[in-house]
Amino acid sequence: MRQSAYFLPTLKEQSAEAQIPSHQLMLRAGLVRQLASGVFSFLPMGYRVIKKVIEILREEMDAIGGLEFLLPALNPIEIWEQTGRVEAMGDVMFHLKNRDGLVLAPTHEEIITYHARQHVKSYRDMPMIWYQIQTKFRNEARPKSGVLRGRQFIMKDAYSMDSSWEGLDVAYDKHYQAYCNIFERCGIKFFVVGASSGAMGGRQSQEFMVESNSGEDTCAIAEGYSANIEVASSAILPVGRIDENLPIEEFATPNAKTIDDLVEQFGIPEHRCAKSVVYIVNDEPWLILMRGNDELNETKLQAIAGTNLLRPALSDELVEFTGADHGSIGPVNLKKKIKVVADNLLKGANSMVSGANKDGFHFKNIDLDRDCKIDEFYDLRTVIEGEPSVVNGEPLRVVKAIELGHIFKLGTKYSDALGATFLDSDGKENPIIMGSYGIGVERVMACFIEQNHDEKGIKWSKALAPYHIHLIGVNQHKSDEVNAACEEVYAKLSELKYEVLYDDRAETAGIKFNDADLLGLPVQVIIGGKNLKDGNVEIKFRASDEREIIPLANLYARLESFLK
RNA sequence: CGGGGUGUAGCGCAGCCCGGCUAGCGCACCUGGUUUGGGACCAGGGGGUCGGGGGUUCGAAUCCCUCCACCCCGACCA
């Protein structure tokens, strides 16, 4: 492709709008332009990268037996009502204003299940893997970070259908391996974490993550262990018992509202404090007891409660249920009998301090076994950097990460809701057992750039590069010899089927070099009078920024050995 | 949805607080000339509803009201 006839609007100056490297570089290198908040146009060069990503996705999905569909973004709302997800999605789902009964699909479990119900009627019809690479619409409350969180984006979404749970395990493992292949082929460094299934429903799920300060997720990782902070646990020791088990005693704490206050004013060790919070879970109050200043992990609470309809109680609710306001709540002498759950670290603990359910007072010497009734114990806390890993005690690192892909064992949530059943070999009707697997296409592109750039621009891998070779004529419009050599090399490279971008513009050398480094094609072939008079050309490898000056005659062999 | 910020030529910005001649600068663009291996130089030129609406004023990019868009932090997030 001749650059003189191409549309590649590179920018010398940086827009203040773009805050993260991938967003800045996608704008500067002429790959994308923003049309509205969370909505991007892909320009020809950027779309070539998208197509490279898509082709890798397609090859790897086909390799595990996936069948490619193209499902509509416009969906009848009735199907979504049958699975209860109109409510679950809430504002995230786009609804049309001038046509009742249609929504824009944020994902496609419902539609896949709908078609499966029509045609997958026997255990002999499975296993099946159906996938598509298609545009999703999500009305994000706050789009951000360029294409990383958009209101419209391309997703590779796949769905497995099996007649047995063992079959689901097989399909899940196939996707796990396919995803590893995909990200390795793209040249992205990633890790996999155990994750929460969120509102998707289902059992096991894992996320494919890229460590990045631009990420919105937080993960705890150590050798042999990695988990989303939403589900991560650690081997930190329980509070336990001390020998001196004194009788429970009330004491005045007029100026202590927080655990920190108790620690400061009364010298109580932080881990001997039990913090109480009240949540309204499905309209039912739960008192939740946590150690010291441990943070309640709401995602874990949602998983335990089996609902995401929960919220912290309001002040007047606190008084109604416990008898006290914030800062004086505890598990002993609750005004009303409400459900009490506690973090595992508090199991069997004694000599604890907690609120007395009377404003301005706390109890000390609480023995959780003796003085109050805890209904259930769960892992409810959010892990903290440095805590020992449950695998081998190594300290956990807590890092920010971008979610690139997510695989779920859905189970029968959607097949149950939509009545997608099959007959097994005994002639018995069963719901189809499903899995769901997604990769954000733009995120793959952005994550690659996050990991592969320098101050001058992008450093594309061969797999994702929009073109492989950047042929640069240095002042070729002033030299017939240079121009002739460029034209000859361009013709030859085209004949050899290389993907070559030929910068034949009448621009100065500096502009061409800087544009080339910004765009970041893997190899630059630089033809100028300086070297050409000795029969040489220069090649520059963008990833390493190494240069070689070689005889023109050797160019093709050198390129073949590099790009092979 | 709460908090903060921004909106002036295609892009990046100044001017606004403290109202006042024809609204500026850099880049880009057009014409002519000189240059030519890391974002050249000279000369000339085109391009503006100062985000929209309303108000105050002799006079508004500038002050007030209101709406909108975009960015950032938080909440939320399959």
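Numbered from 1 within each chain, the chains take letters A, B, ... in sequence-line order. Worth knowing before you read on, the calculation uses all heavy atoms, side chains too, and leaves out hydrogens, waters and symmetry mates.
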Do the numbers put A:K136 on top of the ring of A:F153, so that NZ or CZ is under 6.0 Å from the six-membered ring centre and no more than 45° off the axis?
no
Applying a 4.0 Å non-hydrogen cut-off, can you work out what A:V92 is touching in the nucleic acid: base, sugar-phosphate, or nothing?
nothing
Determine whether any donor atom in the side chain of A:R547 lies under 3.5 Å from an acceptor atom in the base of B:rG38, or the reverse, and answer yes or no.
yes
With the threshold set at 4.0 Å, does a side-chain nitrogen-carboxylate oxygen contact exist between A:K533 and A:E481?
no
For A:A16, answer base if it contacts any base atom (sugar-phosphate contacts may also be present), sugar-phosphate if it contacts only those atoms, and nothing otherwise; contact means non-hydrogen atoms under 4.0 Å.
sugar-phosphate
For the P atoms, the ones on B:rC72 and on B:rA28, what distance do you get once it is rounded to whole angstrom?
29 Å
Whole-Å distance, A:E216 CD to B:rA75 P, equals 11 Å
For B:rG24, the Watson-Crick or wobble counterpart (both distances under 3.5 Å):
B:rC13
Closest to the A:E298 side chain, choosing from B:rG39, B:rC76, B:rC77
B:rC76
What is the distance, to the nearest angstrom, from the CZ atom on A:R151 to the P atom on B:rC77?
16 Å
Between B:rG3 and B:rU22, how far apart are the C1' atoms? Round to whole Å, please.
42 Å
Residues A:E216 and A:R149 bridged, charged N to O under 4.0 Å
yes
Which nucleotide, in any strand shown, forms a Watson-Crick or G-U wobble pair with B:rC76, with both distances under 3.5 Å?
none
Does any pair with a residue in residues 516-529 of chain A pass side chain to side chain donor-acceptor pair (under 3.5 Å), and if so which ones, sequence neighbours excluded?
A:D517-A:Q524, A:D517-A:K540
Write down the distance separating the P atoms in B:rA61 and B:rC50, rounded off to the nearest Å.
7 Å
Identify the nucleotide, in any strand shown, that forms a Watson-Crick or G-U wobble pair with B:rG46, with both distances under 3.5 Å; if there is none, say none.
none
Mapping A:F40 and A:P106 onto RNA chain B by nearest heavy atom, which one lands closer to the 5' end?
A:F40
Protein-nucleotide distance (A:Q19, atom CD; B:rC71, atom P), rounded to Å
10 Å
For A:S479, report the nucleic acid contact type (base, sugar-phosphate, nothing); a contact means any heavy atom under 4.0 Å.
nothing
From the set B:rC70, B:rG38, B:rC73, return the single nucleotide nearest to any side-chain atom of A:Q34.
B:rC70
I need the CZ-C1' distance between A:R505 and B:rG38, as an integer number of Å.
14 Å
Side-chain H-bond candidate by donor/acceptor type, A:S205 with A:E207, under 3.5 Å:
no
Separation between the P atoms of B:rC17 and B:rU35, rounded to whole Å:
50 Å
N or O in side chain of A:S37 less than 4.0 angstrom from B:rC71 OP1/OP2
yes
What is the distance, to the nearest angstrom, from the CD atom on A:E207 to the P atom on B:rC77?
14 Å
Tell me if the side-chain of A:R142 makes a donor-acceptor pair with the base of B:rC76, cut-off 3.5 Å, by modelled atom types.
no
Expressed in angstrom and rounded to an integer, what is the separation of A:D91 atom CG from B:rG2 atom C1'?
16 Å
How long is the line joining CG of A:L8 and P of B:rA28, in whole Å?
16 Å
Expressed in whole Å, how much space separates the P atoms belonging to B:rG5 and B:rA14?
16 Å
For B:rG39, take OP1 and OP2 only and decide whether either is under 4.0 Å from a side-chain N or O of A:T508.
no
State the pairing partner of B:rG7; accept Watson-Crick or G-U wobble contacts with both distances under 3.5 Å, and report none otherwise.
B:rC68
Closest nucleotide of RNA chain B for A:M155 versus for A:Q14: which of these residues is on the 5' side?
A:Q14
Interatomic distance at P, B:rU57 relative to B:rG46, whole Å
38 Å
Among B:rG37, B:rC76, B:rC72, the one nearest any side-chain atom of A:F513 is B:rG37
Nearest whole Å is fine: how far is B:rG10 C1' from A:E17 CD?
15 Å
Write down the distance separating the C1' atoms in B:rG44 and B:rU6, rounded off to the nearest Å.
36 Å
With a 3.5 Å limit on both atom pairs, tell me what B:rA40 is paired to, counting Watson-Crick and G-U wobble, or say none.
B:rU34
Checking all strands, does A:E507 fall into the base, sugar-phosphate, or nothing category for heavy-atom contacts under 4.0 angstrom?
nothing
Counting side-chain heavy atoms from CB outward, which of B:rG37, B:rC11, B:rA75 is closest to A:E13?
B:rC11
How far, in whole Å, is B:rA69 from B:rU31 if one measures between their P atoms?
40 Å
Six-ring centre of A:Y378, A:K300 cation under 6.0 angstrom, axis tolerance 45°:
no
Hey, which of A:L43, A:I449, A:I458 is the one that makes side-chain contact (heavy atoms from CB on, under 4.5 Å) with A:M26?
A:I449
The reported gap from CG in A:N475 to CG in A:N483 (rounded to nearest 0.5 angstrom) is 11.5 Å
